[in-house]
2 protein chains.
Amino acid sequence: MKNRCENCIVRQFNSLRAMSKEELKRVSDSKITKTIKKGQAIFEEGEKLNGVFCVRDGVSKLSKLSANGKDQIVKLASKGEVMGQRSVIAEESTNLSAVAVSDMEVCFIPKEGIVDALHKNPNFTVEVLRHMAHDLREADDVIVNMSQKTVKQRIAEAFLYLRDNFGADTDGFLNVTLSREDIANVVGTATESCIRIISEFKKKEYIKTSGKKIGVVDEKKLRDLVDGF
Amino acid sequence: MKNRCENCIVRQFNSLRAMSKEELKRVSDSKITKTIKKGQAIFEEGEKLNGVFCVRDGVSKLSKLSANGKDQIVKLASKGEVMGQRSVIAEESTNLSAVAVSDMEVCFIPKEGIVDALHKNPNFTVEVLRHMAHDLREADDVIVNMSQKTVKQRIAEAFLYLRDNFGADTDGFLNVTLSREDIANVVGTATESCIRIISEFKKKEYIKTSGKKIGVVDEKKLRDLVDGF
DNA sequence: GGCAAAAAATGACATTAATCAGTTTTAAAA
DNA sequence: TTTTAAAACTGATTAATGTCATTTTTTGCC
């Protein structure tokens, strides 16, 4: 097998880089690489996870079903991100579902290697902790945005976020392509409202579209809108 | 000094219980106990914290100022909770302000003792990690509630939450007393809307009020409302 | 106890966003 | 290619919530 974690570029981006050589070797020996097709589920809300998933390629949406039957997308995970760690660490079933938004390649890492390293390698644990502290801070920001910003502001922000975090191609179109429904589920609004606002942004030339693809055209205008002028 | 952390009942509720005798002794020797008056700030958004605050008595609101000038209350911390750990762990300035909602007694624990234990005592680190994983999960739930539930549902839920987490006195009134503005800032709505809904709940006899105090009267009705009937 | 200031409450109105119903477009399958 | 289903879009309407203005009540203070 040539795909050793030790050589995996993706490790740069997550807490695994704080593991010792031996720990990483063990992880590498026990991991299973999977190919996931767009639209396929990686795990579902309520499941007990026996390990974590490390994203090598592609993007996954992490969402939670609300009482009214709508999915709320809480996070988008891409290259380097580890999914399911919360569940493994807290020894609870997951509170989120993970579904591929594009074709993906992920590595499943059985929890034993992770849990063991957590108890034996303080550097690794602190690294994971740091990462989680950061996630928590981001979650606070999301809460504030959700409750204090209008749908229009949240959609504008989402486009800027997507571009800054996942990049754009040479023509300026976002690398991640989400359906209108998914965008609506990210910002927490009705699909129709989302579509209407996208049309409006397009008419005002804040963004451009080509099929499902969306591109940021006028960053400043979008930014001003987010900040309330 | 008689207030040793080793004997502090509050420790039961937080990660400090995973510290070794020696570590705890050190923390106890370096801590400073403070009395905070209702309305007073403990720390402000953007500050660099040199330690964490352990709540011995009273309740504090943790909030974040949004672009439109409104405070969003992200969490209420009471007996046993540790505030500011995220900032210390991630070595970033705080993203939240902490203001006393009632008269409080808190212990300030300089970060050195904490950081040291994090690097040397894996049990402690894992305990902190577990706690944070739990907080993150809760934050996800808040995000979903904020975006998918109506203001009415969120207010109903807030009352149930306050009663379940902070209790009620013998007359059935909540132990934590928040101003209408604070309640509005917890659920993320305008103060007037909040007041209107409180009046409605009172008229329908879901809750009762006495001055600022609020009591849950019809738990089932509130619960049904939260769950969408 | 009386005064000033803050908090709570209410009404009228404007705005935002959800819902329902339907059409057009796109993508996928037979 | 044709057919069908899903996704994107549009319009009309309704419901929820925010805003502004004003009054009433409560609270802290001298």
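Naming: A, B, ... by sequence-line order, numbering from 1 per chain.
Within the 4.5 Å cutoff, the side chain of A:L162 has heavy atoms near those of the A:L76 side chain. You'll find the side chain of A:V99 stays beyond 4.5 Å of the side chain of A:D71, heavy atoms only.
Salt-bridge annotation for B:D140 and A:K64: absent, with no side-chain N of the basic residue lying under 4.0 Å from a carboxylate O of the acidic one.
C:dA9 atom P lies 12 Å from atom CD1 of B:I155, rounded to whole Å. Nucleotide C:dA9 holds its C1' atom 17 Å from the CZ atom of B:F201, rounded to whole Å. The CD-P distance, from B:E181 to C:dA8, rounds to 8 Å in whole Å. If you measure from atom CZ of B:R180 to atom P of C:dA8, you get 6 Å, rounded to the nearest angstrom. To the nearest angstrom, C1' of D:dA8 lies 17 Å from NZ of A:K213. As rounded to whole Å, 19 Å separates atom P of C:dA8 from atom CD of B:E200. As rounded to whole Å, 11 Å separates atom P of D:dA16 from atom CG of B:L225. To the nearest angstrom, P of D:dA8 lies 9 Å from CD1 of A:I198.
Under the 3.5 Å distance criterion, the side-chain polar atoms of B:S60 are left unmatched by any main-chain donor or acceptor of B:A77. Between the side chain of A:N14 and the main chain of A:L16, a donor-acceptor pair closer than 3.5 Å is present. With hydrogens and angles disregarded, no donor-acceptor distance shorter than 3.5 Å links the side chain of B:R86 to the backbone of A:L136. Checking side-chain atoms of B:D103 against main-chain N and O of B:K38 turns up a donor-acceptor pair under 3.5 Å.
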Q.
Please evaluate residues A:K212 and A:T177 with respect to the criterion side chain to side chain donor-acceptor pair (under 3.5 Å), reporting the C-alpha separation (whole Å), side-chain torsions for both, the decisive distance (0.1 Å), and the verdict.
A. CA-CA 7 Å; A:K212 276 191 193 316; A:T177 303; over 6 Å; no
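Between the two ends of the helix from C:dG1-D:dC30 to C:dA30-D:dT1, each summarised by a five-pair axis, the helix axis turns through 50° (rounded to 10 degrees).
For C:dA7, the OP1/OP2 oxygens have no side-chain nitrogen or oxygen of B:K212 closer than 4.0 Å. Taking only side-chain nitrogens and oxygens, A:S199 comes nearer than 4.0 Å to OP1 or OP2 of D:dT10.
Note on ring orientation: taking the six-membered ring where Trp is involved, the planes of A:F201 and A:Y206 are tilted (angle from 30° to 60°).
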N/O to N/O distances under 3.5 Å, protein versus nucleotides 15-23 of chain C:
unit_1	atom_1	unit_2	atom_2	d
C:dA17	OP1	A:V151	N	2.7
C:dA18	OP1	A:T189	OG1	3.4
C:dA18	OP2	A:T189	OG1	2.5
C:dA18	OP2	A:A190	N	3.4
C:dA18	OP2	A:S193	OG	2.8
C:dT19	O4	A:R196	NH2	3.0
C:dC20	N4	A:E192	OE2	3.4

